[in-house]
There are 2 protein chains.
Amino acid sequence: MRNRPATSVTIADVARAAGVSTATAARALGGYGTVRRDTLERVTAAASELGYRPNALARSMITGRTQTIGVIVADIENPFFARVTRAITDVARASGFEVVLANSDEDLEAERAAVKLFLDKRVDGLIVAAASNDDGAHLAEARATGAHVVLVDRRVRGTDFDTVLVHNRAAARDAVRHLVAAGHRRIGYVSGAMAVRREGGATAGRPRAISTGGDRLTGYRQALKEAGLAGDLAGDYVRVGGPRRQDAFVQTMSLLELGTPPTAILATDSVIALGVIQAVRAAGRRIPDDVSLISFDDTEWAEVLNPPLTVIAQPVYELGARATTLLINRLQGDTAEPRHVRLTSTLVERGSVAVRP
Amino acid sequence: MRNRPATSVTIADVARAAGVSTATAARALGGYGTVRRDTLERVTAAASELGYRPNALARSMITGRTQTIGVIVADIENPFFARVTRAITDVARASGFEVVLANSDEDLEAERAAVKLFLDKRVDGLIVAAASNDDGAHLAEARATGAHVVLVDRRVRGTDFDTVLVHNRAAARDAVRHLVAAGHRRIGYVSGAMAVRREGGATAGRPRAISTGGDRLTGYRQALKEAGLAGDLAGDYVRVGGPRRQDAFVQTMSLLELGTPPTAILATDSVIALGVIQAVRAAGRRIPDDVSLISFDDTEWAEVLNPPLTVIAQPVYELGARATTLLINRLQGDTAEPRHVRLTSTLVERGSVAVRP
DNA sequence: CTGAAAGCGCTAACAC
DNA sequence: GTGTTAGCGCTTTCAG
């Protein structure tokens, strides 16, 4: 039960038809070495006549390059990662690279498995939004076998890969400052970074630290401290659950059920924001009257909401694009010191933050 | 500048270490043929000791199978395709397949190029949401070279691939009936299926018919006719532009500027809906008071909108999952007649349809 | 500029 | 059950 018909035309067929050796045909078709103008034309003609298509597998086996990039994100359904991935495929394709995709669901094991499989397929490089900020052994191993890796959106302690990140601490800090300036004193933080088993339905993950979360939390705390709000209470307003809407819903509910619930919430991505919004409504409160909201990511529906959502707009496309450029440069021989790109996000004020007297 | 270190451990190394032939080592490691219990253990031990990892390229060259599926969608950033893709990767991975991704932007040329590249890489099969409903030559060619193809979401005339589709005509018809029942007489239709050049910023595509659009339009027209609304005017309320929000915005505007604008609009996906909503607001009208709206796809933000959006919920995940199961079955030797799966969507009534006296 | 020959890492016959 | 041998389709020395 062969998948490929035995009749697939090879370089040998083309060579025969053109009356040259396979080596020459290969040079003509592969665009390397040197061939005389007319032989090149003869070979090219024969190739297109026969409908020759190169076998990338055979080529890769020798060159050691597959022109393929492995991408690992938490979940392609999250608009943030969808956009990062879109950027990656755009830039990759423009340089002749293909993209293989894997979702980790914030699960380190899944990430490890994906890395292994990608490596077996000999991807030239990996772009990963790491599920853990302190376990990068599998990535280091990947590097050791010859694959280049670039970290996108999230750092990993103890590694020295190229990174393309956003100034998360500053972004969170500025958002909280904005809330403080509007008169808020009890400010919640809802995030999602626990691994999730999809089939289970329910969140079945263990808490797992990711750098984005850590940095944002630091920024949040810093702004609170600046404002003299870092009392014992502060910790009570931090909620970290799974990355899905339902998870954020639950976390937010637990915040709203507090005796003195927060008057404002910072959500760490648009999916989380959705959960927050639904929880606020389910609790019979209103945005922004009862609860103000700022969310990371300028999602497509942010301005269509009522009230329109105040957000921290991250340069998401650029994140993916820069990571890919970096990676491709490495693949082309750039051996300089690790590069660390930091992009800046912007607070886009809309209508979800109320001023409190 | 080799990408791979020359020191990569091969099956020969493992064989030597285990004191067996490469063939036996390969059998043990590849899980085919037969090996005695203890030799298997010896080989496995040697392999893990040396850190052996199979070279999928070499294996694929012989077996003719890469355990890879090529996926071509219009745009991974569209939540519909993101979910389809998520489903595909989930099912694929569970069966040991990898997924390579390409975006066509509804551009047939881009789709053709992607198919070529995927074929060169010897993907086992293709799952595609075709950019054109009447040009499937490139897909037929793919099939001819040995790759199986499954069509998802969209049919292609003149081909007999397996398909997994939604009952689009019925869905659109039911939506329009719902609008008619609510008293609407002037019902608009906004869709997007023209190819788009991303870099250009502006829509630079030519109109291109896709089956989804055709079927929905048929359903729309059918319901209009049933209701005796299929006069000359009917055609005036149909607008087809590019697949992006801005495109839908423009199309909707042209609808709203009419002397007798529609009192209701059917949007063919969530991105289009967003453009419609923004246009309605920009025109100073309100949903649902001035313009009612029904959109295809139960997007994540639909119920969070004000008013919550009435939608046609498509079984998006299932669409991708079924397509993948079908494909994998083919790869495993299923040679039955082409299969055509039709899934049903549901109208989810929320608050964006007003009853007109 | 072109050809002959070797070989990438693995699997598939075919012996034994 | 295991080893030997050939060879997948291509690139890469190395001669000429």
Side-chain angles (χ1 to χ4, degrees), chain A residues 1-44 46-47 50-67 119-122 145-146, chain B residues 1-44 46-47 50-67 119-122 145-146:
Chain A
M1 192 187 69
R2 294 187 65 74
N3 192 31
R4 299 294 156 188
T7 53
S8 163
V9 11
T10 75
I11 248 185
D13 301 323
V14 177
R16 204 172 309 122
V20 296
S21 72
T22 61
T24 300
R27 279 189 275 256
L29 265 12
Y32 56 92
T34 41
V35 274
R36 235 178 31 223
R37 185 46 122 20
D38 57 316
T39 23
L40 182 129
E41 276 163 10
R42 213 137 35 85
V43 173
T44 316
L50 298 175
Y52 169 79
R53 290 260 80 206
N55 184 329
L57 258 27
R59 176 174 293 172
S60 295
M61 231 174 61
I62 302 178
T63 60
R65 322 190 83 236
T66 52
Q67 298 294 111
L119 254 27
D120 290 353
K121 295 235 163 106
R122 300 303 192 258
T145 77
Chain B
M1 192 186 68
R2 292 187 65 75
N3 192 32
R4 297 294 155 191
T7 51
S8 164
V9 11
T10 75
I11 244 181
D13 301 322
V14 176
R16 204 172 308 122
V20 297
S21 72
T22 61
T24 300
R27 280 188 276 255
L29 266 12
Y32 59 92
T34 40
V35 275
R36 235 176 33 223
R37 185 45 122 20
D38 58 316
T39 25
L40 183 130
E41 275 162 11
R42 211 138 35 84
V43 172
T44 316
L50 298 176
Y52 169 79
R53 290 260 80 207
N55 184 331
L57 259 26
R59 176 174 294 171
S60 294
M61 241 187 40
I62 302 179
T63 61
R65 322 190 85 236
T66 52
Q67 298 293 111
L119 255 26
D120 290 352
K121 295 234 163 109
R122 300 303 192 260
T145 77

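Numbered from 1 within each chain, the chains take letters A, B, ... in sequence-line order. Worth saying up front: this structure is predicted, and the values here are computed from it rather than measured.
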Between B:Ser21 and D:dT2, does any side-chain N or O lie under 4.0 Å from OP1 or OP2? no
Looking only at C:dT11, C:dT2, D:dG3, the nucleotide nearest the B:Arg59 side chain is C:dT11
Taking the side chain of A:Tyr32 as heavy atoms from C-beta outward, which of D:dT11, C:dT2, D:dG9 is closest to it? D:dT11
Supply the atom-to-atom distance B:Thr66 OG1 to B:Arg122 CZ, rounded to the nearest 0.5 angstrom. 9.5 Å
Can you tell me which nucleotide in D:dG3, D:dT2, C:dC10 comes closest to the side chain of B:Arg36? D:dT2
Donor-acceptor contact present, side-chain A:Arg53 to main-chain B:Asp120, <3.5 Å: no
hbond_proxy B:Arg37 side chain to D:dG1 base (donor-acceptor, 3.5 Å cutoff): no
Of all heavy-atom pairs between B:Ala17 and B:Leu50, which one has the smallest distance, and what is that distance? CB-CD1, 4.0 Å
Atom NZ of B:Lys121 to atom C1' of D:dC10: distance rounded to whole Å? 16 Å
Distance in Å, A:Leu57 CG paired with B:Arg59 CZ, rounded so as to fall on 0.5 Å steps: 12.5 Å
D:dC10, C:dG9, D:dT11: which one has an atom nearest the side-chain heavy atoms of B:Asn55? C:dG9
Please determine, for the side chain of A:Ile62, which listed nucleotide (C:dT2, D:dT11, C:dT11) has the closest atom? D:dT11
Provide, to the nearest angstrom, the distance between the CG atom belonging to B:Asp120 and the P atom belonging to D:dC8. 19 Å
Rounding to a whole Å, what distance do you find between A:Arg65:CZ and D:dC10:C1'? 17 Å
A:Ile11 has an atom CD1; how far is it from atom P of D:dG7, in whole Å? 19 Å
Among the nucleotides C:dC10, D:dT11, D:dT2, which one has an atom lying closest to any side-chain atom of B:Tyr52? C:dC10
Between atom OG1 of A:Thr22 and atom CZ of A:Arg27, what is the distance when rounded to the nearest 0.5 Å? 9.0 Å
Which part of the nucleic acid, if any, lies within contact of B:Thr39, taking any heavy atom under 4.0 Å across all strands shown: a base, the sugar-phosphate backbone alone, or nothing? sugar-phosphate
Within the pair A:Thr34 and C:dC1, is there a side-chain N or O less than 4.0 Å away from OP1 or OP2? yes
Whole angstrom value for the distance that separates C1' of D:dG1 from CD of B:Glu41: 15 Å
Atom-to-atom span, CG of B:Leu57 to P of C:dG7 - whole angstrom: 20 Å
Using OP1 and OP2 only, check whether a side-chain N or O of A:Thr24 sits under 4.0 Å from C:dT2. no
Need to verify one output field. Residue with the more 5' nearest nucleotide on DNA chain D, B:Ala23 or B:Ala58? B:Ala23
Find the distance A:Arg16:CZ to C:dT2:P and express it as a whole number of Å. 19 Å
Pairwise distance OG(A:Ser60) to NZ(A:Lys121) - rounded to 0.5 angstrom: 13.0 Å
So, under a plain 3.5 Å distance rule, would you say the side chain of B:Arg53 forms a donor-acceptor pair with the base of C:dG9? no
Of the options D:dT2, C:dG9, C:dA4, whose atoms approach the side-chain atoms of B:Met61 most closely? C:dG9
What is the separation between atom CZ on A:Arg27 and atom C1' on C:dG3, rounded to the nearest whole Å? 8 Å
